[in-house]
S.K.: 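Sharing a structure with you now.
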Amino acid sequence: MIDHSKPKHYALTMLPYPSGDLHIGHWYAMAPSDVRARYMRMRGYNVLFPMGFDAFGLPAENAAIQRGIHPHKWTMSNIERMRRQLKSMGAMFDWEREAISCLPGYYRWTQWFFLKLYDMGLAYRKKSPVDFCPKCNTTLAREQVWGEDRHCERCGTPVIKKELEQWFWRITDYAEELLDFSKIDWPERVVTMQTNWIGRSEGANVTFLSEQEDPIIVFTTRPDTLWGATFMVLAPEHPLVDKLTTPGHREEVEEYKYQAARQSEIERLSTEKEKTGVFIGAYAVNPVNDERIPIWIADYVMMTYGTGAIMAVPSHDERDFEFALKFGLPIIPVIDRPDGVAKSFVMQGTMKDGFADALTEAGIPFEEREGSLYVTMDRSQVERYIALAQAHVQPGSWIEVVGTGWAFIFADEVIPFDGVEAEQKILARCKELEPAVHDKRTVMEMLWGVEFYRDVLFHAEYGTMINSGPFTGTPGDVAVKKVIEWLEERGIGEFAVNYRLRDWLISRQRYWGAPIPIVYCDKCGVVPVPYEDLPVILPPDAVIPPTGENALKYHEGFLHTTWPKCGGPATRETDTMDTFVCSSWYHYAYLSPYYKEGEPAHADSTPFDPDEAAYWLPVDVYTGGVEHATMHLIYTRFFTKAMRDMGLVDFDEPMLMLRNQGIILAEDGFRMSKSRGNVVAPDDLVERYGADTVRGYLMFGWRWEQGGPWDPHGIEGVYRWLHRVWNLVLEPGQSASQRVSEPTEKEVADLRRWTHKTIKRVTDDMEAFAFNTIISALMEFTNALQKAKQTSLYGTEAWDEAIETLLLLLAPCCPHIAEELWARTGRPYSIHLQPWPEYNPDLAAEEVITLVVQVNGRVRARLEVPADITEEAAREAALSDPNVQRHIAGKEVRKVIYVPGRLVNVVV
RNA sequence: GGGGAAGUGUCGGAAUGGGCAGACGAGCGUGACUUAGGAUCACGUGGGGCAACCCGUGCGGGUUCGAGUCCCGCCUUCCCCA
């Protein structure tokens, strides 16, 4: 049936969720994609352009609760309506390949993939926190948690986090490979988003020990700052928290954990938010210097990042700095400032006379305000400054140098600020001399009080290590590497790569999804359903409880089963799979929907027809919204890589080219939504203007990748244009018999130039997804043809070529009107099976060009000259133009710049 | 706070290997046809000036014979991340 000698083109547009009605946004995404699919077909490709429905998901259950309709019935009737609406678009969708993800013939293969991943060790079960409503006694999906206070969508009860056993897929095994985009042509934006999402960082895992010798592993990208780690922070959920918390702190810790569990990740990580945390009473030992450091818990540390514990280096990590300042924890600088800036504030009365003069003499810059000195110096001046300061400081006072060369200068000694011990000593002496600082808990807190110092107290850059025992003096560019080597030698740490990407949590505590094919056997434990027993059918008679709880948990028939291997009683897993699982492989399902339905599956089955796959895969062009950049588009890449490792496919990437369309907003500039009542209904537009006009307008009105607000007037322009095209082709013009004269050679050449120029423009724009300029090129061509129709060109061969070309170029965009005009002008069915017109560069070439003549870069003349004009002739013509003459009169021509075929610029 | 994209007439938007800014359309204006027009057709439409010309692509600099386009700094909006 398909001529396999022709090249193939698999064009795919993201499948819709069957929400009820087709939205103008669906049209905006799909119609231009269809235009391109049709274009490729005319270019001689066999084109696969399928459509289906992402049919599992939460709204179906909400409808069931609110209106008493079963999710299956609700979904299928929505699909029926949307399918009808989709057909009104006039897209070339191959409906024979339609795939609906909630049908058993589809989801048994979704389950089959689960079993394969399970066999490969890529699926595992782990405790993980989920949002849970204590009143409804159910877990909630992310979109069911509302508002700043995170309350339950249904009953308004504040949501809590609850630890549940859930299924994960090891997408992190592929993290490194997912960072490689060399085999795909995807928008830079998506590549960047995915790269950030995966978030690879290099550093070290370092083992700290609690005083009870519990190992606490932390990941750090800055092992060079280890000597500045003055405390540790664990995520409130960290498993060691309970064990390490001392009785006196237990109550406070429990209270804090409860608070933290109620917050969302975004809130917890916000840098805007005031830092919170509590000390758990326990201490750890910093393995590099054996310092005893306190252990805190704080919500800015996430269990999901790294190991859920951090070493806090307040001197060189912004969040740690803020935290330490607030809670009075020591802050010891261990990396020198790369800029070498040092500051010293000299309060009036702390120094003997002559200090300012001594500084001037030494060339150390300072400002004097109200008797106090504000000294800002560079590294080379610090030593000299300290000496001068010590010589001049009054016995009852002190001054300090901060930023670089950190030191506290007293008349009798200089104490370098180089560690916790020094910190204690400095604090004690200062408090003795100055009662105003009695409440300062740390040196840094004291310094922070001086406004002048604030910009040099903290930095997060790489630099020479200081105050770091044996590493002091190690330059910043090798520090990380050297420290890691040293840690490895001593067995207290090792090089490590950390990813922000987490394993994919696929468990959903919902009814309307593909059941996870696992049973819990009383004897054998967690066991997979045999491949042959798939699908695990979602019981159609399940009753959705009004709370929204998972109906499967209450369906006795579903719940109780036997494990065939031992014949013993077993309970089914009641979690279903994330709908992103269904959509991760739908482009394979389209090849042969519901493949081998009714036949048992096996471990070595393929979920799709291998012959179809061999011909069509992979997807050549994928179009859809950029909002899927970090979810669906990562999951589907992971899926394909896993399928490759199962031996199902022999390529690495599912979609070779990706292009994103923007979003059509409502007329008011807001997102269209039923609640706002600003939705544009495509059905109404189709009824009023016809599908071709709607398609044309969606192409013409916006930059496709950008989108923008709907403009109800703009569509009229496209409507009028198509009317003009209709009349242009069908209304009789001056007929050949009445022709007063034959067209001149020039007239014919001009018309053919229009024709071939337009072919080139439209073809180039098709390749570039520049749909708006396709329509404007066709409009301009139409305008030119309307003028030509008034002349003796009408009815000539060149005229017929022009009309035929117009219709062919129009065919992908406005398939109905193009077909109709094609038929009415006596051409053979179907226009859509015609080859795309060929562009002839010789015919498109201009004979006459407009030569722009500038004097000093300003346009002074426009000359019509032959396109092949020589440089000499062009210069001569330019210089002899009267207006040009006028502007260069009395001035010396210094230079004449000639851009062939474009302009002459006379410089005077 | 970090990263990315974008700022062009009244509006949607054209034009980037630097070379006629505002294509095409909407809107508006004038005219024609018409009993009528929210139909159709024609013409006009960045600002200033009678004109020659001058000024104009978020703001300020720079490179260049020449900058919407390249470089530096800033402002605004949107998106992503924290």
Side-chain angles (χ1 to χ4, degrees), chain A residues 187-199 201 265-273 300 302 305 317-319 322 460 500-501 625-631 660 662-665 667 669 671 693 696-724 726-727 731 757-758 761-762 765 770-784 786-787 790 849-864 882-883 886-887 893-908:
Chain A
E188 200 52 46
R189 190 157 54 132
V190 175
V191 170
T192 306
M193 278 192 218
Q194 293 207 350
T195 305
N196 292 340
W197 187 260
I198 294 164
S201 51
E265 226 171 272
I266 292 156
E267 287 166 336
R268 284 179 56 166
L269 293 169
S270 167
T271 44
E272 250 92 285
K273 203 183 78 152
Y300 76 94
M302 308 297 301
Y305 178 83
D317 178 279
E318 200 176 346
R319 287 187 300 190
E322 218 180 294
R500 210 187 70 98
L501 181 73
V626 74
E627 64 272 19
H628 293 107
T630 53
M631 306 285 273
N660 301 120
I663 297 170
I664 292 296
L665 303 170
E667 207 179 326
R671 267 186 115 92
T693 300
Y697 181 49
L698 289 171
M699 291 173 71
F700 179 64
W702 301 265
R703 293 217 291 246
W704 191 60
E705 69 284 2
Q706 205 168 294
W710 177 255
D711 176 2
H713 301 295
I715 195 168
E716 298 278 351
V718 176
Y719 187 60
R720 293 201 276 253
W721 165 59
L722 288 176
H723 267 275
R724 291 206 305 276
W726 183 270
N727 292 333
E731 290 292 315
K757 246 169 54 179
T758 307
R761 287 173 70 182
V762 172
D765 288 347
F771 301 105
N772 55 346
T773 46
I774 289 173
I775 300 296
S776 52
L778 292 176
M779 283 174 167
E780 283 184 69
F781 190 35
T782 306
N783 294 346
Q786 276 188 311
K787 289 208 177 73
Q790 313 301 319
I849 53 150
T850 306
L851 186 71
V852 174
V853 185
Q854 299 180 330
V855 177
N856 285 348
R858 290 174 185 277
V859 179
R860 298 302 178 188
R862 295 190 173 102
L863 307 174
E864 297 291 312
N883 200 37
R886 210 163 59 78
H887 280 94
V893 175
R894 293 194 357 238
K895 210 196 291 184
V896 178
I897 285 140
Y898 175 63
V899 182
R902 286 187 187 272
L903 68 76
V904 175
N905 189 12
V906 183
V907 186
V908 295

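Predicted model only: the values in this text are computed from it and were never measured.
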S.K.: Between G9(B) and G58(B), how far is it from one P atom to the other, in whole Å?
M.R.: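 Here G9(B) and G58(B) have their P atoms 8 Å from each other.
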S.K.: Please pick, from G3(B), C20(B), A26(B), the nucleotide with the shortest atom-to-atom distance to any side-chain atom of Val852(A).
M.R.: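 Ranking G3(B), C20(B), A26(B) by closest atom to the Val852(A) side chain puts C20(B) first.
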S.K.: When you measure from the side-chain N and O atoms of Arg858(A) to the phosphate of G56(B), is any distance below 4.0 Å, counting only OP1 and OP2?
M.R.: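 Answer no for this pair, as no side-chain N or O of Arg858(A) is under 4.0 Å from OP1 or OP2.
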S.K.: For the side chain of Met779(A), counting heavy atoms from C-beta on, which of C24(B), G13(B), G19(B) is nearest?
M.R.: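 Comparing C24(B), G13(B), G19(B) against the side chain of Met779(A), the answer is C24(B).
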S.K.: For the pair Trp702(A) (side chain) and Pro709(A) (backbone), establish whether a donor and an acceptor sit closer than 3.5 Å, ignoring hydrogens and angles.
M.R.: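 Checking the backbone N and O of Pro709(A) against the side chain of Trp702(A), a donor-acceptor pair under 3.5 Å is found.
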S.K.: May I ask you to evaluate whether Asn772(A) reaches the phosphate of C24(B), defined as a side-chain N or O under 4.0 Å from OP1 or OP2?
M.R.: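 Answer is no, no contact under 4.0 Å.
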S.K.: Taking CD1 from Ile775(A) and C1' from A23(B), how many angstroms apart are they, rounded to a whole number?
M.R.: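 Atom-to-atom, Ile775(A) to A23(B), this comes out as 15 Å.
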S.K.: Could you tell me whether a side-chain N or O of His887(A) sits under 3.5 Å from a main-chain N or O of Asn883(A), the two making a donor and an acceptor?
M.R.: yes
S.K.: If pairing requires Watson-Crick or G-U wobble contacts with both distances under 3.5 Å, which nucleotide is the partner of A42(B)?
M.R.: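 When the pairing criteria are applied, U30(B) turns out to be the nucleotide that pairs with A42(B).
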S.K.: Given C53(B), A14(B), C65(B), identify the nucleotide with an atom nearest to the side chain of Thr773(A).
M.R.: A14(B)
S.K.: For the aromatic rings, using the six-membered ring if either is Trp, is the centroid distance between Trp721(A) and Tyr697(A) under 6.0 Å?
M.R.: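 No: the rings miss the under 6.0 Å criterion.
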S.K.: At 4.0 Å (heavy atoms only), tell me whether Arg761(A) reaches a base, stays on the sugar-phosphate, or touches nothing.
M.R.: nothing
S.K.: Please report the distance separating the C1' of C33(B) from the corresponding atom of C11(B), rounded so that it comes out in whole Å.
M.R.: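 Straight-line distance between the two C1' atoms is 30 Å.
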S.K.: Give me the ring orientation class for Trp704(A) and Phe771(A): parallel if the planes are under 30° apart, tilted from 30 to 60°, perpendicular past 60°.
M.R.: perpendicular
S.K.: For Glu627(A), is the CD atom crowded, meaning more than 12 foreign heavy atoms sit under 6.0 Å from it?
M.R.: yes
S.K.: Which nucleotide, C53(B), G19(B), A21(B), lies nearest any side-chain atom of Arg886(A)?
M.R.: C53(B)
S.K.: For A26(B), does OP1 or OP2 lie under 4.0 Å from any side-chain N or O of Arg720(A)?
M.R.: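 Answer yes for this pair, as a side-chain N or O of Arg720(A) is under 4.0 Å from OP1 or OP2.
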S.K.: Rounded to whole Å, how long is the line connecting atom CG of Leu851(A) with atom C1' of C20(B)?
M.R.: 11 Å
S.K.: Go nucleotide by nucleotide along RNA chain B from the 5' end; which of Met193(A) and Arg894(A) gets its closest nucleotide reached first?
M.R.: Arg894(A)
S.K.: Side chains of Val626(A) and Met193(A): closer than 4.5 Å at any heavy-atom pair?
M.R.: yes
S.K.: What integer number of Å spans the C1' atoms of G13(B) and G3(B)?
M.R.: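 Here G13(B) and G3(B) have their C1' atoms 28 Å from each other.
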S.K.: Atom CD1 of Ile664(A) to atom C1' of G13(B): distance rounded to whole Å?
M.R.: 13 Å
S.K.: Mind checking Gly707(A) for me? I need base, sugar-phosphate or nothing, with any heavy atom below 4.0 Å counting as a touch.
M.R.: sugar-phosphate
S.K.: Nearest of A26(B), A23(B), G19(B) to any side-chain atom of Arg902(A)?
M.R.: G19(B)
S.K.: Distance check: side-chain N/O of Asn783(A) vs OP1/OP2 of G25(B), anything under 4.0 Å?
M.R.: yes
S.K.: Expressed as a whole number of angstroms, how long is the span from Leu903(A):CG to U64(B):C1'?
M.R.: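 Computing the Leu903(A):CG to U64(B):C1' distance gives 14 Å.
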S.K.: Between G4(B) and A14(B), how far apart are the two C1' atoms, rounded to whole Å?
M.R.: 25 Å
S.K.: Would you indicate which nucleotide in G19(B), C53(B), G13(B) comes nearest to any side-chain atom of Trp702(A)?
M.R.: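 The answer is G13(B), which lies nearest to the side chain.
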S.K.: How long is the line joining CZ of Arg703(A) and P of A15(B), in whole Å?
M.R.: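 After rounding, the gap between these two atoms is 9 Å.
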S.K.: Could you tell me how far A15(B) sits from C70(B) if I compare only their P atoms? Round to whole Å.
M.R.: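 About 14 Å, rounded to a whole number of Å.
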S.K.: Could you check whether Arg862(A) gets within reach of a base, just the sugar-phosphate, or nothing at all, counting any heavy atom under 4.0 Å?
M.R.: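 It contacts base atoms.
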S.K.: Calculate the interatomic distance between Arg671(A) atom CZ and C78(B) atom P; express it in whole Å.
M.R.: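 Atom-to-atom, Arg671(A) to C78(B), this comes out as 14 Å.
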S.K.: Nearest of A26(B), C24(B), C53(B) to any side-chain atom of Asp711(A)?
M.R.: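 For Asp711(A), the side-chain atoms sit closest to A26(B).
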S.K.: Does the base of C81(B) carry an N or O that pairs as donor and acceptor with the side chain of Asn196(A) under 3.5 Å?
M.R.: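 Under the 3.5 Å cut-off, the side chain and the base do not form any donor-acceptor pair.
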S.K.: What's the closest nucleotide to the His713(A) side chain, out of A6(B), C24(B), A26(B)?
M.R.: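 Nucleotide nearest to His713(A)'s side chain: A26(B).
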S.K.: Of the options C53(B), C65(B), C81(B), whose atoms approach the side-chain atoms of Asn883(A) most closely?
M.R.: C53(B)
S.K.: Roughly how many Å apart are A21(B) and U45(B), using the P atom of each and rounding to a whole number?
M.R.: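 Those two atoms are separated by 16 Å.
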S.K.: How long is the line joining CZ of Phe781(A) and C1' of A23(B), in whole Å?
M.R.: 17 Å
S.K.: Would you mind calling G9(B) syn or anti? Take O4'-C1'-N9-C4 for purines or O4'-C1'-N1-C2 for pyrimidines, and syn is within 90° of 0.
M.R.: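 Syn for G9(B); the angle stays within 90° of 0.
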S.K.: Do Asp711(A) and His713(A) have side chains that get closer than 4.5 Å, going by heavy atoms?
M.R.: yes
S.K.: For G18(B), give its Watson-Crick or G-U wobble partner with both distances under 3.5 Å, or none.
M.R.: none
S.K.: Could you let me know what G1(B) is paired to, Watson-Crick or G-U wobble, both distances under 3.5 Å, or none if it's on its own?
M.R.: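 Base-paired to C81(B).
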S.K.: With rounding to the closest Å, how many angstrom separate the C1' atoms on C43(B) and G68(B)?
M.R.: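 These two C1' atoms come out 30 Å apart once rounded.
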S.K.: Decide yes or no, distance alone: a donor-acceptor N/O pair under 3.5 angstrom between the base of G19(B) and the side-chain of Gln854(A).
M.R.: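 Result: at least one qualifying N/O pair found.
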S.K.: If you define the side chain from C-beta out and look only at heavy atoms, does anything of Met779(A) sit under 4.5 Å from Phe700(A)?
M.R.: yes
S.K.: Starting at CZ of Arg860(A) and ending at P of C53(B), how long is that distance when rounded to a whole Å?
M.R.: 6 Å
S.K.: Can you tell me, in whole Å, how much space there is between the P of G38(B) and that of G31(B)?
M.R.: 15 Å
S.K.: Answer with base, sugar-phosphate or nothing: what part of the nucleic acid does Trp721(A) contact at a heavy-atom distance below 4.0 Å?
M.R.: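 Since no nucleic acid heavy atom lies under 4.0 Å of Trp721(A), the category is nothing.
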S.K.: Return whichever of Thr192(A) or Asp765(A) has its heavy-atom-nearest nucleotide of RNA chain B closer to the 5' end.
M.R.: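 The answer here is Thr192(A).
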S.K.: Both distances under 3.5 Å, Watson-Crick or G-U wobble: report the partner of C74(B), or none.
M.R.: G58(B)
S.K.: Among C53(B), G3(B), A23(B), find the nucleotide with the atom closest to the side chain of Ser776(A).
M.R.: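 Taking heavy atoms from C-beta onward, the closest nucleotide is A23(B).
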S.K.: Regarding Thr850(A) and Glu864(A), do their side chains bring together a donor and an acceptor under 3.5 Å, going by distance alone?
M.R.: yes
